[in-house]
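Only heavy atoms go into these numbers, but all of them, side chains included; no hydrogens, no water, no symmetry mates. Every chain is numbered from 1, with letters handed out A, B, ... down the list of sequences.
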Amino acid sequence: MKYHFNEIEAKWQKYWSANQTFKAENNSNKPKYYVLDMFPYPSGAGLHVGHPLGYIASDIYARYKRHKGFNVLHPQGYDSFGLPAEQYAIQTGQHPAVTTEDNIKTYRRQLDQIGFSFDWSRELRTSDSSYYKWTQWIFIQLFDSWYNNDSNKAESIETLKTLFSLKGNAGVNAACDDDVLIFSEKAWNGFTSLEQEQILLKYRLTYLAETEVNWCASLGTVLANDEIINGVSERGGFPVVRKKMTQWSMRISAYADRLLQGLESIDWPEPLKEIQRNWIGKSTGATVSFNVKNHSDIIDVFTTRPDTIFGVSFMTLAPEHPLVKKITVATKIKEVEAYIQTTSKRSERDRLADVKTISGVFTGAYAEHPFTKAPVPIWIGDYVLAGYGTGAVMSVPCGDQRDYDFAKHFNIPILNIFQDVDISKHAFSDKDNVIIAQSDFLNGLSYKKALKRAIYELEKIGQGQGKINYRLRDAVFSRQRYWGEPFPVYYVNGIPQVIDAQFLPITLPEVKKYLPTETGEPPLGNAQKWAWDTEKKEVVDNTLIDNVTIHPLELNTMPGWAGSSQYFNRYMDSNNDIEIFSKSAIAYWEQVDLYIGGSEHATGHLLYSRFWQKFMYDMDYVGHDEFAKKLINQGMILGTSAFVYRVEGENKFISKGIIGNQKVQQIHADVSYVNTSDELDIIAFKKWRPEFKDAEFVLEDGVYKVGREVEKMSKSKYNVVNPDQICIDYGADSLRLYEMFLGPLEQYKPWNTSGITGVHNFLKKLWKLYMGDDGIKVSNTTPNKDNLKTLHKTIKKVEDDIENFSFNTSVSTFMIAVNELSAQKCTSRDILEPLLILMSPYAPHISEELWSQLGHNTSIATAEFPLFSENHIIESSKTYPISFNGKMRFTMDLPLDLSKEEIESQVMANKKTQAQLKGREPKKVIIVPGKIVNIVG
RNA sequence: GCUGAAGUGGUGGAAUUGGUAGACACGUUGGACUUAAAAUCCAAUGUCCAUUAGGACGUACGGGUUCAAGUCCCGUCUUCAGUACCA
């Protein structure tokens with residue numbers, strides 16, 4: 001019987017699906033284990049060979065855990081809201097839901113053919129109203145909560161209202177907007193409900209505020225900081241400008257410290273944690289208040305170096321700082337306004353590209369040094385960012401290079417407050433080796449001591465206090481898009497109101513076109529009628545008619561990360577229509593035990609999900625404040641692009657090796673037209689595009705050689721390899737084995753299809769070893785010593801490998817095992833059966849087939865993982881390498897039970913040793929038990 | 001600039017964590033089978049010297065520790081990733 005992998009694989013995929021082999025129950029007397037992949041966005045291009053890498057790894061682990069007796073939850077779904085479907089809709093008019101449905105079908109077919117052990121009964125899609133109902137529900141929970149810094153957790157907004165009515169807001173330590181005014185309980189109770197709502201909005205965990213946002217005109221929407229790479233949009237690479245807009249935000253900054261602390265308790269890759277730490281950007285220092293001379297205004301600055309306060313020789317404000325206009329003296333107004341004009345015109349990108357240029361302008365105003373009372377000139381400079389700290393800095397040129405450069409450029413005096421330090425060339429920013437001088441009460445102190453003393457003195461005179469600052473900004477939550485979750489929000493007198501949760505979901509209405517309205521409203525402004533699941537309320541023309549009152553609705557939609565921030569918990573009970581998940585489901589599955597996905601989500605999905613999880617924890621919906629115990633970043637599989645070289649200005653292509661000095665243009669050629677020897681199929685290439693039809697080709701050695709480069713796999717680079725074709729040609733088991741064999745899971749590695757013959761031949765060899773012409777040829781003979789040694793070596797290695805996620809070396813181990821068994825002519829059932837169980841996580845189809853050929857009528861997935869026994873691999877003698885002066889000369893077989901002295905005497909009596917020593921006395925003989933014998937002559 | 005990861009044959013990568021570097025596979029070369037091709041099987045394959053036996057060198061580079069270093073320490077270089085006026 002030949003190895004007909006296509007038939008076998010289709011047969012078992014059908015079997016698993018029909019028997020619901022991988023359905024997980026929410027209760028079991030087995031221990032639970034939750035293995036999760038980052039769910040995909042179903043793009044129109046379908047899966048390429050790089051996408052399944054992480055899914056194969058998690059599938060191996062999930063299958064392994066089932067063999068080990070765990071009740072395994074291994075679900076899959078789709079992150080199906082997103083920009084591409086919407087952009088396709090804008091171009092073609094096709095509803096994004098239709099596009100998405102088509103794409104999901106393709107994805108599902110592709111995933112199925114690889115043979116994953118997903119529990120599809122729990123499938124979810126973020127764009128299904130039955131799912132986004134719960135995204136909207138969480139939004140409502142966040143809206144109805146505030147963050148209490150004293151209890152260090154989120155609490156219901158009702159408790160805040162009670163606090164306000166009892167004692168005003170002076171004693172309330174909450175995470176809130178900077179501009180809240182202090183009021184008494186009396187004042188609160190006297191406010192109108194509209195005024196109260198306006199104040200509460202400054203405290204809610206999701207709030208509406210006029211914020212400076214990243215506006216991308218080409219995409220017609222705002223972007224979060226993590227959606228911008230190098231000053232341009234992550235999707236499409238379009239320019240991004242700063243713009244003030246009223247937007248929903250999430251108060252993630254309230255959780256900054258807990259998000260930082262939480263990293264200590266989770267088993268995530270260190271580099272990824274480091275990215276999150278940097279993104280949160282905690283810095284410890286102080287705020288210092290400077291009085292402005294001849295003004296009532298006070299300028300607050302944040303500094304990490306209050307110890308250098310006596311080195312202040314000027315102050316710098318960001319051009320956008322609110323006090324700039326107030327304090328600038330009359331004679332400087334023109335100059336200052338001109339400067340603000342020019343800086344505001346510069347886009348984020350220009351500013352980034354041009355960090356070296358020093359620019360600024362003097363306001364003519366002076367502040368007063370808090371201790372010396374000396375006048376401190378106030379400047380404006382665009383090296384100070386409005387968005388960080390207070391948007392103002394105290395400039396200490398001797399201790400900060402930027403302040404130093406600024407001072408040099410504008411001839412501002414530089415004070416040296418460090419003992420025995422030369423600052424004639426550059427600033428001295430080393431905190432560890434410094435003694436403060438010329439600084440009154442700080443003289444002679446080290447950084448650490450001076451820091452404490454400076455803060456103490458500032459607090460004493462009421463002009464400053466210790467402060468911790470975070471780089472992490474609140475997350476903008478509004479998108480001016482159609483294909484996203486609608487907000488469950490309407491407006492009464494301009495104040496947002498959430499719609500009662502009983503009316504959820506607020507489904508996405510139909511629109512005629514997916515572009516903004518003529519009045520500049522988001523696409524939802526085009527909706528004629530919103531469907532509403534209630535008899536009480538009716539919605540027409542973007543307004544909610546509630547008896548007689550007409551309320552406008554929120555027209556923005558939620559960002560992409562909304563749907564992915566709690567999906568891992570929803571899988572635990574994904575068909576529940578009454579709750580996001582039942583108490584018993586969350587109590588049973590607790591949290592994700594193993595999460596596999598890319599590190600590109602470090603500052604997006606993975607941070608936002610941790611934030612929402614902590615919120616859900618505070619609200620007592622979940623029992624853990626981290627959602628994933630362990631996380632592994634799979635590396636990317638890269639494509640090997642092929643290039644042809646066209647002579648500039650001519651339709652002539654020159655083979656790679658003979659380009660010489662000619663000016664050529666490098667053009668991507670589709671990799672399917674190139675063979676493994678880098679030779680181009682010219683006929684196919686000419687047919688590819690009309691402009692190449694009549695092209696001339698200059699050959700070398702009779703062929704056209706292409707250039708190769710490793711790049712990210714992408715349609716536009718014509719280097720995509722489709723897994724469908726691989727499955728047809730070699731089978732899913734070969735694909736799975738090969739993706740693992742390619743290298744360590746976390747590593748970036750190039751794909752090269754020709755290598756797959758190695759693992760494919762291995763599967764054929766395995767098949768041939770046990771399948772004869774008339775079916776399986778396994779015997780019931782007792783395995784011999786060698787057979788057992790091979791098996792147990794393999795068990796040990798494979799188990800270790802899976803536990804350590806080094807799947808690549810297991811594949812080699814299988815190959816060695818089959819080669820050895822083949823040489824031993826081993827046909828024993830007692831060897832094959834455990835071997836198949838070892839292999840079934842990696843190559844499930846062939847394992848199932850041979851398993852059933854052996855007469856089993858249940859799936860191999862339920863079989864128990866074989867136990868490893870040391871006895872079978874212990875040797876009676878060991879080969880000792882003998883070295884002289886550290887150099888290996890020969891080996892000797894010696895019995896294992898010898899003492900050190902016995903080994904030594906046997907080695908010294910050996911003929912080869914005598915020859916090596918040539919009559920010399922050895923100085924020393926070193927024996928490391930079980931390792932090596934070294935003789936020093 | 002800062003932070004992190006990594007540099008091993010023609011290629012992807014192994015190396016039980018200090019103990020025979022290059023497992024396993026691709027590729028290449030030669031051979032068997034075949035009219036031929038494919039498939040399959042066998043052999044060789046780090047570099048250099050040598051007919052062989054064998055020897056020398058060899059894990060980015062330069063030092064060091066050790067009987068013994070890809071692995072540990074110091075310095076240098078290179079590549080990739082994240083971040084970027086964060087006060």
> Indicate whether OP1 or OP2 belonging to B:A87 is found under 4.0 Å from a side-chain N or O atom of A:Tyr388.
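Checking B:A87 against A:Tyr388, a side-chain N or O does come within under 4.0 Å of OP1 or OP2.
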
> For nucleotides B:C86 and B:C67, find the distance between their P atoms and express it as a whole number of Å.
49 Å

> Does B:A81 have a Watson-Crick or wobble partner in any strand here, with both distances under 3.5 angstrom, and which is it?
B:U3

> Which residues satisfy the side-chain contact (heavy atoms from CB on, under 4.5 Å) test with A:Asn804, sequence neighbours excluded?
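With sequence neighbours excluded, A:Asn804 shows a side-chain contact (heavy atoms from CB on, under 4.5 Å) to A:Asp800, A:Ser806, given in chain and number order.
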
> How many whole angstroms separate atom CG of A:Asn804 from atom C1' of B:U17?
12 Å

> Measure CD/A:Glu679 against C1'/B:G27 and give the value in whole Å, please.
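Interatomic distance, CD of A:Glu679 to C1' of B:G27: 14 Å.
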
> State whether A:Arg471 places a side-chain N or O below 4.0 Å from either non-bridging phosphate oxygen (OP1 or OP2) of B:U83.
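It does not, given that no N or O in the side chain of A:Arg471 lies less than 4.0 Å from OP1 or OP2 of B:U83.
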
> Send over the distance from A:Asp800 CG to B:U17 P, rounded to a whole Å.
11 Å

> Mind telling me whether B:U29 is syn or anti, cutoff 90° either side of 0?
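Nucleotide B:U29 adopts anti.
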
> Counting side-chain heavy atoms from CB outward, which of B:A87, B:U83, B:G4 is closest to A:Thr303?
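Closest of the options to the side chain of A:Thr303: B:A87.
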
> Got a sec, which pairs hit salt bridge (charged side-chain N to carboxylate O under 4.0 Å, His left out) with one end in residues 266-275 of chain A, sequence neighbours left out?
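Matches after skipping sequence neighbours: A:Asp267-A:Lys630, A:Glu270-A:Arg277, A:Glu274-A:Arg277.
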
> Mind checking what makes side-chain contact (heavy atoms from CB on, under 4.5 Å) contact with A:Val361, not counting sequence neighbours?
A:Glu335, A:Val336, A:Tyr339, A:Ile380

> Grab the N/O contacts between the protein and nucleotides 6-16 of chain B below 3.5 Å, and write none if there aren't any.
{"residue": "B:G12", "atom": "O2'", "partner": "A:Leu742", "partner atom": "O", "Å": "2.6"}
{"residue": "B:G13", "atom": "OP1", "partner": "A:Gln747", "partner atom": "NE2", "Å": "2.7"}
{"residue": "B:A14", "atom": "OP1", "partner": "A:Asn808", "partner atom": "ND2", "Å": "2.9"}

> What is the base-pairing partner of B:C67, counting Watson-Crick and G-U wobble geometry with both distances under 3.5 Å?
B:G19

> Using Watson-Crick or G-U wobble geometry with both distances below 3.5 Å, tell me the partner of B:G30, or none.
B:C42

> For the NE2 atom on A:His426, are there more than 12 heavy atoms of other groups (residues, nucleotides or ligands in this structure) within a distance under 6.0 Å?
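No, not enclosed.
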
> Which nucleotide, if any, forms a Watson-Crick or G-U wobble pair with B:A56, using both distances under 3.5 Å?
B:U47

> Please classify the nucleic acid contact of A:Thr757 as base, sugar-phosphate, or nothing, using heavy-atom distances under 4.0 Å.
sugar-phosphate

> A:Phe814 CZ to B:C24 P: how many Å, rounded?
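After rounding, the gap between these two atoms is 17 Å.
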
> Would you indicate which nucleotide in B:C24, B:C85, B:U3 comes nearest to any side-chain atom of A:Glu274?
B:U3

> Would you check if the distance from the ring center of A:Tyr738 to the ring center of A:His760 is below 6.0 Å?
no

> Considering residues at least two apart in sequence or located in another chain, which fulfil the side-chain hydrogen bond (donor to acceptor under 3.5 Å, both in side chains) criterion with A:Arg473?
none

> When the aromatic ring centroids of A:Tyr383 and A:Phe406 are compared, is their separation below 6.0 Å?
yes

> Determine which nucleotide pairs with B:G12, using a 3.5 Å limit on both distances of a Watson-Crick or G-U wobble pair.
B:C24

> Using atom C1' in both nucleotides, what's the gap between B:U16 and B:G9 to the nearest angstrom?
23 Å

> Distance-only, no hydrogens or angles: does the A:Trp767 side chain make a donor-acceptor pair with backbone N or O of A:Lys2 under 3.5 Å?
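Yes, the answer is positive, given that a donor and an acceptor are paired below the 3.5 Å cut-off.
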
> Just the rounded figure in Å: distance from P of B:U83 to CG of A:Leu607.
13 Å

> When every nucleotide of nucleotides 37-46 of chain B is labelled 5' to 3' by its protein contacts under 4.0 Å (heavy atoms), B for base, S for sugar-phosphate only, - for none, what sequence of letters results?
--SSS-----

> Strictly by Watson-Crick or wobble contacts shorter than 3.5 Å, is anything paired with B:G75, and which nucleotide is it?
B:C61

> Pick the C1' atom in B:U17 and in B:G10, then give their distance to the nearest Å.
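Each nucleotide's C1' atom is 29 Å from the other's.
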
> Under the side-chain hydrogen bond (donor to acceptor under 3.5 Å, both in side chains) test, which residues partner A:Tyr3, sequence neighbours left out?
none

> I need the CG-C1' distance between A:Asn278 and B:U83, as an integer number of Å.
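To the nearest whole Å, that distance equals 7 Å.
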
> Taking atom P in both B:A38 and B:G27, compute the distance separating them and give it to the nearest angstrom.
13 Å

> With sequence neighbours excluded, tell me which residues meet side-chain contact (heavy atoms from CB on, under 4.5 Å) with A:Ser429.
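Checked A:Ser429 against side-chain contact (heavy atoms from CB on, under 4.5 Å); zero matches.
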
> For atom C1', what is the distance between B:C24 and B:C77, given to the nearest Å?
32 Å

> Starting at CG of A:Leu737 and ending at C1' of B:C26, how long is that distance when rounded to a whole Å?
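After rounding, the gap between these two atoms is 15 Å.
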
> Consider the side chain of A:Val393, meaning its heavy atoms from C-beta on, and name the nucleotide among B:A87, B:C26, B:A23 that approaches it most closely.
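Among B:A87, B:C26, B:A23, the one nearest the side chain of A:Val393 is B:A87.
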
> Could you give the CD1-to-C1' distance, from A:Ile275 to B:U3, as a whole number of Å?
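These atoms are roughly 10 Å apart.
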
> Taking the side chain of A:Met815 as heavy atoms from C-beta outward, which of B:C26, B:C24, B:A87 is closest to it?
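Nearest listed nucleotide: B:C24.
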
> Quote, to the nearest angstrom, the P distance that separates B:G70 from B:C61.
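About 12 Å, rounded to a whole number of Å.
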
> State the syn/anti category of B:G9 according to its glycosidic angle, syn meaning within 90° of 0.
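Here the answer is syn: the torsion falls within 90° of 0.
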
> Considering every strand shown, what is the Watson-Crick or G-U wobble mate of B:A36 when both distances are under 3.5 Å?
none

> Taking B:C2 as the reference, what is the distance to B:C85 when you measure between their P atoms (whole Å, please)?
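It works out to 15 Å between them.
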
> Would you please name every residue forming a side-chain contact (heavy atoms from CB on, under 4.5 Å) with A:Tyr608, sequence neighbours left out?
A:Ala224, A:Asp226, A:Ile252, A:Ala475, A:Trp561, A:Ser565

> Does the pair A:Leu766 and A:Met771 meet the rule for a side chain to side chain contact (heavy atoms under 4.5 Å, CB included), with working shown?
CA-CA 8 Å; A:Leu766 171 75; A:Met771 293 297 289; over 6 Å; no

> On a whole-Å scale, what distance lies between the P atoms belonging to B:U35 and B:C26?
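B:U35 and B:C26 have their P atoms separated by 28 Å.
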
